[in-house]
**Q** 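My questions will all concern the structure given below.
We name chains A, B, ... by the order of the sequence lines, and we start the count at 1 in each one.
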Protein chains: 4
Amino acid sequence: MATRHQLLDAAAQLIAEVGWGRVTTRAVAERAGLPHGAVSYHFHGKQELLTEAAMATVEAMFPLDQLRSVTKLTDLIPLFQASISTPPDPETIDPVSSGVLAEAMRECGRNPELRGRITELLRAYRSLVTDLVHAEQGRGVVERGPDATDLATLLIAAGDGLLLHALLDPQLPIAGAAEVLLALVHT
Amino acid sequence: MATRHQLLDAAAQLIAEVGWGRVTTRAVAERAGLPHGAVSYHFHGKQELLTEAAMATVEAMFPLDQLRSVTKLTDLIPLFQASISTPPDPETIDPVSSGVLAEAMRECGRNPELRGRITELLRAYRSLVTDLVHAEQGRGVVERGPDATDLATLLIAAGDGLLLHALLDPQLPIAGAAEVLLALVHT
Amino acid sequence: MATRHQLLDAAAQLIAEVGWGRVTTRAVAERAGLPHGAVSYHFHGKQELLTEAAMATVEAMFPLDQLRSVTKLTDLIPLFQASISTPPDPETIDPVSSGVLAEAMRECGRNPELRGRITELLRAYRSLVTDLVHAEQGRGVVERGPDATDLATLLIAAGDGLLLHALLDPQLPIAGAAEVLLALVHT
Amino acid sequence: MATRHQLLDAAAQLIAEVGWGRVTTRAVAERAGLPHGAVSYHFHGKQELLTEAAMATVEAMFPLDQLRSVTKLTDLIPLFQASISTPPDPETIDPVSSGVLAEAMRECGRNPELRGRITELLRAYRSLVTDLVHAEQGRGVVERGPDATDLATLLIAAGDGLLLHALLDPQLPIAGAAEVLLALVHT
DNA sequence: TATGAATGAGTTTTCATTCAT
DNA sequence: GATGAATGAAAACTCATTCAT
């Protein structure tokens, strides 16, 4: 249903713009160019609308299917970058997806449904990266000292942290920091 | 003014608990055990109350004065840990301070006053850590390859990222990841 | 929309009764026998509600359409009387319409929207009366000495002034004064 | 007491500026450059403060003592003009005194104390003008046809009406209309 | 299936008044 | 005599949800 999709899109934009707790159903309908009644008609309530919108956005940021075919740690970068950048320029961070991610991570503590789905997704992602690190350590490309799980946790957390800081201070150059991390990790 | 302080405390707790956009002045007053009118009397409005509460909390997390006396990179860890952990157990992350930090970082995009104060604080912190990294590189304790600014940016972002993930999934062991980061950085 | 109309009616009554600045949306809703939310639903805010209510009342007091068919100055009297009196008795001044007029004239200084609409209406009315005076002077029915514009201004201002005084002191006999004015004007 | 006087002055200004119903005690104290507590200390409540302020202003507009020495109707004009104009330019209408008069006349309907004092003042004024008209009619200066009381009522009401219209539309030339009235009245 | 008018609970803010100092 | 911190009642406004059409 196109209507449903338009509402989810509008809701994701507004979560990023005004913050989860201040999104109103009226604003979502208006942004989507749809009548206000459409929200209640397609979703059980505001909570459901926002949860679905956030999950759709976050899932697009961690495309597990595509990640499964990655074999080199450095190949993660372009994939992740593509999912958080605005199409024409891969250097610009898309404020909607990164904003929704940050909002959703905070919202987890209050919304069990969302929490379950987000942590499940992140665990799958962490496990995938752990396997990747393990393989690269086996090949001698990545430092063998650190535990693969800890390293994967670090890589993901550092990525999110850089994202958050870039969102806060757009002038902050984070590309250098990301490269430093990869250089440190590789032998 | 004890009243003002009680309101700031209650507001910080609620920002972490329910999220910036859903804190109500009524709830703040109730939590502080004060009449509702006290909020309007002591603050110009909700925005001011929340901004002051968030800044007081975040400033306590980055105690620049104490940081100036630090000379070794590893000495940062206990200081940071102390500022974000609940007093009895330094291993537990205080959900209030870390929650407020996460909320404030998101709120920056909509609140210029907050944005100015937070970015100023983080820039001072980043500059301080950069100097520390530089000194440690001179002493040969830290890898000389990476640019000191990028390394400092990475360290802070990784710290915040780990904090955020720990907040999201309390069972996630982040201590190991933090140690891995330091081990990679040191020669 | 019957609801909207009921609110406008109730608002006009309350403007006259308690004064513009002390009308509350709650009281308007209650007077109209409607829920409180109806006010915000049908109007953008209190200001808009009161402005619309006042304009509807004042426009009914100066029925320009009907005035255009008037040819004799004395025919103005019954028309004006009809628009400000309570239906059964044409001698009694309706406290609502005259009260709203007085309140609206005062409010103009603080409400540019209202000011524009009221002054436009009064200018149209003044111009219409000026034409009428001019015609009557040509016919020799009205004193030819005074300037038609000044005379029209005087007639209207005197009418409003008598209205205001009658409102203040209901026992004051103003009918005699009104007749005196017309007698002086006519040759 | 100078303090009391300063409060009355400030209150009169604010009545004219924001309207009777929207004057706040805080604003009065601030305008007077006095502490907020001074209001409660010098007056029994807001109602008393505003009533006293309005009466002091209105009484200054109708200086009965000076009026008693007037013998010619035309001598009323400069006296009235002086009491409602701003000192340097007798042509400009003082928005404070005329605004307070208009507000007070409307407020009478809700404030019995004020109503008593205002109607008493206006009746005294009307009686004085009636006597004046009677004398002038005896001297043959004023048209003998109309009843003196009705003529006095008309004169006062027309004056107030012109004042009100000038307040509403400052560009409206009312001097001509006033002269026309006097010309009509005189033989 | 789809709409938008209607509702009322809940939010922020204002403010006269009280009262301890 | 004088002050201003404190209070709570009441105001305007927002908004998710319901429901008749």
Side-chain angles (χ1 to χ4, degrees), chain A residues 1 3-4 7 11 14 18 21-30 34-50, chain B residues 1-4 6-7 14 18 21-30 32-50, chain C residues 1-4 6-7 18 21-30 32-50, chain D residues 1 3-4 7 14 18 21-30 34-50:
Chain A
M1 225 159 281
T3 302
R4 208 184 135 89
L7 287 171
L14 286 166
V18 304
R22 269 172 306 205
V23 176
T24 68
T25 54
R26 283 196 116 83
V28 172
E30 201 169 319
L34 290 167
H36 185 205
V39 174
S40 326
Y41 187 73
H42 287 278
F43 298 89
H44 218 265
K46 189 167 84 153
Q47 180 103 320
E48 188 188 301
L49 167 64
L50 297 192
Chain B
M1 248 157 258
T3 304
R4 207 185 136 89
Q6 281 170 279
L7 287 170
L14 285 165
V18 304
R22 267 172 309 201
V23 176
T24 69
T25 54
R26 186 168 303 220
V28 171
E30 204 168 315
L34 289 165
H36 188 201
V39 174
S40 318
Y41 184 74
H42 286 279
F43 298 90
H44 231 258
K46 188 167 87 153
Q47 177 109 320
E48 188 187 300
L49 166 65
L50 297 192
Chain C
M1 248 156 258
T3 304
R4 206 185 136 90
Q6 281 172 279
L7 287 170
V18 304
R22 267 172 309 202
V23 176
T24 69
T25 55
R26 187 167 302 218
V28 172
E30 206 168 314
L34 289 165
H36 188 198
V39 174
S40 318
Y41 184 74
H42 286 278
F43 298 90
H44 229 257
K46 188 166 86 153
Q47 177 109 321
E48 188 187 300
L49 166 64
L50 298 192
Chain D
M1 227 159 281
T3 302
R4 207 184 137 88
L7 287 171
L14 287 166
V18 304
R22 269 173 305 206
V23 176
T24 69
T25 55
R26 283 197 116 82
V28 172
E30 202 169 321
L34 290 166
H36 185 204
V39 174
S40 326
Y41 187 73
H42 287 277
F43 297 89
H44 217 268
K46 188 167 84 153
Q47 180 102 323
E48 187 188 301
L49 166 64
L50 297 191

**Q** Quick one: is E:dT1 close enough that its OP1 or OP2 comes under 4.0 Å of any side-chain N or O from A:Tyr41?
**A** yes
**Q** From CD of A:Glu30 over to C1' of E:dT3, roughly how many Å is that when rounded to an integer?
**A** 16 Å
**Q** Within less than 4.0 Å of OP1 or OP2 of F:dC13, is there a side-chain N or O belonging to C:Thr25?
**A** no
**Q** How many angstroms lie between CZ in D:Arg26 and NE2 in D:His36, if you round to the nearest 0.5 Å?
**A** 5.0 Å
**Q** Once you round to the nearest 0.5 Å, how far does OH of D:Tyr41 lie from OG1 of D:Thr3?
**A** 10.0 Å
**Q** On DNA chain F, nearest-nucleotide positions of C:Gln47 versus A:Val23: which is more 5'?
**A** C:Gln47
**Q** Round to the nearest Å and state the distance from A:Phe43 atom CZ to E:dT1 atom P.
**A** 15 Å
**Q** Quick check on DNA chain E: between C:Pro35 and B:Thr24, whose nearest nucleotide comes earlier from the 5' end?
**A** C:Pro35
**Q** Distance check, rounded to the nearest 0.5 Å: B:Arg22 atom CZ versus B:Leu14 atom CG?
**A** 12.0 Å
**Q** Taking NE2 from D:His44 and C1' from E:dA16, how many angstroms apart are they, rounded to a whole number?
**A** 14 Å
**Q** Taking atom C1' of F:dA16 as reference, at what distance in whole Å does atom CD of A:Glu48 sit?
**A** 14 Å
**Q** Within this structure, what is the NE2-CG distance for the pair B:His42 and B:Leu7, rounded to the nearest 0.5 Å?
**A** 6.5 Å
**Q** Between E:dA6 atom C1' and C:Gln6 atom CD, what is the distance in whole Å?
**A** 13 Å
**Q** Mapping D:Arg22 and A:Ser40 to their closest nucleotides on DNA chain E, which lands nearer the 5' end?
**A** A:Ser40
**Q** When both hydrogen-bonding distances must be under 3.5 Å and the geometry is Watson-Crick or G-U wobble, what is F:dC13 paired with, if anything?
**A** E:dG10
**Q** Whole angstroms only, please: what is the NZ-C1' distance between D:Lys46 and E:dT14?
**A** 11 Å
**Q** What integer distance in Å separates B:Leu50:CG from E:dT11:P?
**A** 14 Å
**Q** Assign each of C:Gly37 and B:Gly37 to its nearest nucleotide of DNA chain F by heavy atoms, then name whichever residue's nucleotide is nearer the 5' end.
**A** B:Gly37
**Q** If pairing requires Watson-Crick or G-U wobble contacts with both distances under 3.5 Å, which nucleotide is the partner of E:dT21?
**A** F:dA2
**Q** So, OP1 or OP2 of F:dA6: does either fall under 4.0 Å of a side-chain N or O from B:His42?
**A** yes
**Q** Using whole Å, what does the distance between atom P of nucleotide F:dA5 and atom CZ of B:Arg4 come to?
**A** 12 Å
**Q** In Å and rounded to the nearest 0.5 Å, what is the OG1 to CD distance from D:Thr25 to D:Glu30?
**A** 11.0 Å
**Q** Can you tell which of F:dA6, E:dT13, F:dA11 lies closest to the side chain of C:Arg26?
**A** F:dA11
